[in-house]
There are 2 protein chains.
Amino acid sequence: MMTAADQDRNISSSFAKGLAVLAVFDAETPCMTLAEIARRSGQDRATARRGALTLVQAGYLRQDGRMLSLTPRVLALAGGFLQANQFGRRVQPVLNRHAQQMEIEVTLAMLDQGRVLLLAQSTVEHGHITYGFTAGSHIPLAHTSLGRMLLAGLPAEEAAKVLAETDLPRHTEASLTDPAAILERVAQAREQGYCLTDSEFESGITGYAVPVSRPGQTPIVAGCSAPRGQQPEADAERLLRGLQLCAAELRHAEAVDHL
Amino acid sequence: MMTAADQDRNISSSFAKGLAVLAVFDAETPCMTLAEIARRSGQDRATARRGALTLVQAGYLRQDGRMLSLTPRVLALAGGFLQANQFGRRVQPVLNRHAQQMEIEVTLAMLDQGRVLLLAQSTVEHGHITYGFTAGSHIPLAHTSLGRMLLAGLPAEEAAKVLAETDLPRHTEASLTDPAAILERVAQAREQGYCLTDSEFESGITGYAVPVSRPGQTPIVAGCSAPRGQQPEADAERLLRGLQLCAAELRHAEAVDHL
DNA sequence: TTGACAGCGTTCGCAAAGCGAACATTGATG
DNA sequence: CATCAATGTTCGCTTTGCGAACGCTGTCAA
């Protein structure tokens, strides 16, 4: 009874469903019940159960009573990527150095499924403590300087499409909620080669971002954020200059060319 | 012809095989052909192919010609774990602070499949560049201070068993190759509450490690490494004291209690 | 040049793997 | 205590995906 919507024989649907189970843990939910996993992954409870139990056996999930949570082993998966791309040698040291010079936390990010995916982060002591994001965290696309700079790295129409598929929760009173207004800021960022946002994600915090990837490549950006200071213009100039230097060095090291 | 060794109906074997494909990328191999994946994962080429193609469709792998490589999306899997355990807020700042005070890179690690899994690493600027390991990297168990301190966190017999299942490649001339000799160092580490190794993994580099987890918990350790200096004893005392402070703070913050 | 060969990606018939309706089990509510 | 809702688990039927077999490409020796 082969349907017309012929499932691709090259794709393993069981595997895809299992991956969906694993991916469900991306939110800040530390642990979940089977039913919750099933709901979030849009699968039958029995299906989710098989996926989860398989993950437990493989050591990626731990089962405490009826609660399931990720084990540190998932880090090894990311480790493969980081090692392969030499992040430890080519990216992290550069971020660290500029972060120290700028006296601020510097973040490298790219697009992933309509959100901003943090690739790497460098922290300096005395830095302002943010939400506690790390490499692998997702942050909103529309209301962060990183996100808008990433959109600016796409062709205008594509950026509009990505943005249209994103929902725009209002994080602060300053959050822009009109897609057109956001796209205008994106266009502005594209033109001037940097992006600033103020208080649209965290109140009182200004975000700064510059492109790292070369035009045409998958967009990669570097950015930082800090409480708004006494001389916003001077701060912006100093931080953007620092970020530009950092970005130039990453480009020169070809550290992010094939992401 | 159902065998007596009845495969558990609760486990999805296709999913498990797919995961094995993903895990194969943990080595420093940036990209692989289908056949290579099949060989490394011990699967039939066709099976590996389905797994890989599924991963491509899910966005975790990218296909360039006949080469397959991980995409940054795998970071999101790790991000779930890091966010859930508040690494960004509870662990990373502590590591960074002590690293800055000690003027050296500090690493947090645990056991995973007979190897040392790096959980987090301080990101302060410093002089000495190591292999470029990052969170999620695996390093050897037997010839690093982190690894031996981890073994010391296990009951003696269990440590012996884990070590027996590990192979002991000789990284440098100084590498101990006799399991008994290694276990003796482990026992010593267990007694004195810290572990030093010298040149057994990288020539001329001394490794320092102390336990972080409480006795009985899954072992977690903190450590650092540096070129051997002029006054080894003074260095050791200073660094171990720093690591102990760092470990105590992590314990107090209960940052790593349920890993 | 040509034949043999080794290694690769891909296909397809048949066995077995896993989907989900249905069944237990738990725990909250009137 | 009965009712109900929500969760975890089982099992028959169908679909999925296993792997022998195939075709293709590049390499070597005759």
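Order of the sequence lines fixes the chain letters, A, B, ..., with proteins taken first and strands second; residue numbering starts at 1 for each chain. What you see is a predicted model, and the numbers here were worked out from it, not measured in a lab.
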Visitor: What's the CG-P distance between A/L53 and D/dT10, to the nearest Å?
Guide: 10 Å

Visitor: So which one's nearest nucleotide on DNA chain D is more toward 5', B/A48 or A/E36?
Guide: A/E36

Visitor: Grab the NZ-P distance between B/K17 and D/dT16 for me, whole Å please.
Guide: 16 Å

Visitor: What is the separation between atom CZ on A/R40 and atom P on D/dT7, rounded to the nearest whole Å?
Guide: 13 Å

Visitor: Going by atom types only, do B/R49 and A/N10 share a side-chain donor-acceptor pair under 3.5 Å?
Guide: yes

Visitor: Do any side-chain nitrogens or oxygens of B/S13 fall under 4.0 Å of OP1 or OP2 in C/dA17?
Guide: no

Visitor: Whole angstrom is fine here: how far is it from CD in A/Q57 over to C1' in C/dG18?
Guide: 15 Å

Visitor: Taking only side-chain nitrogens and oxygens of B/S14, does any of them come within less than 4.0 Å of OP1 or OP2 of D/dT16?
Guide: no

Visitor: Contact class for A/A46 (heavy atom, under 4.0 Å): base, sugar-phosphate, or nothing?
Guide: base

Visitor: For C/dT26 and A/R66 - does any side-chain N or O of the residue sit under 4.0 Å from the phosphate oxygens OP1/OP2?
Guide: no

Visitor: Does the side chain of B/L118 reach to within under 4.5 Å of the side chain of B/L146, using non-hydrogen atoms?
Guide: yes

Visitor: If you measure only the distance, is there a donor-acceptor pair under 3.5 Å linking the side chains of B/Q83 and A/S137?
Guide: yes

Visitor: DNA chain C: B/R50 or B/L34, which has the more 5' nearest nucleotide?
Guide: B/L34

Visitor: Going by the angle between their ring planes, with limits at 30° and 60°, are B/H143 and B/H171 parallel, tilted or perpendicular?
Guide: perpendicular

Visitor: To the nearest 0.5 Å, how far apart are CG in B/L70 and SG in B/C31?
Guide: 10.0 Å

Visitor: To the nearest angstrom, how far is B/F15 atom CZ from D/dT16 atom P?
Guide: 18 Å

Visitor: Indicate, with a heavy-atom threshold strictly under 4.0 Å, whether B/I37 touches base, sugar-phosphate, or nothing.
Guide: nothing

Visitor: Specify the separation, in whole Å, of atom CD1 of A/I11 and atom C1' of D/dT15.
Guide: 16 Å

Visitor: To the nearest angstrom, how far is A/D44 atom CG from D/dT15 atom C1'?
Guide: 15 Å

Visitor: Please check the phosphate of C/dG18 (OP1 and OP2 only) for any side-chain N or O of A/T47 closer than 4.0 Å.
Guide: no

Visitor: Nearest-nucleotide wise, let me know which of A/R49 and A/S12 is further upstream toward the 5' end of DNA chain D.
Guide: A/R49

Visitor: Please report the distance, rounded to the nearest Å, between CG in B/N10 and C1' in C/dG18.
Guide: 11 Å

Visitor: Check this for me: does the side-chain of A/R45 come within 3.5 Å of the base of D/dG8 through a donor and an acceptor?
Guide: yes

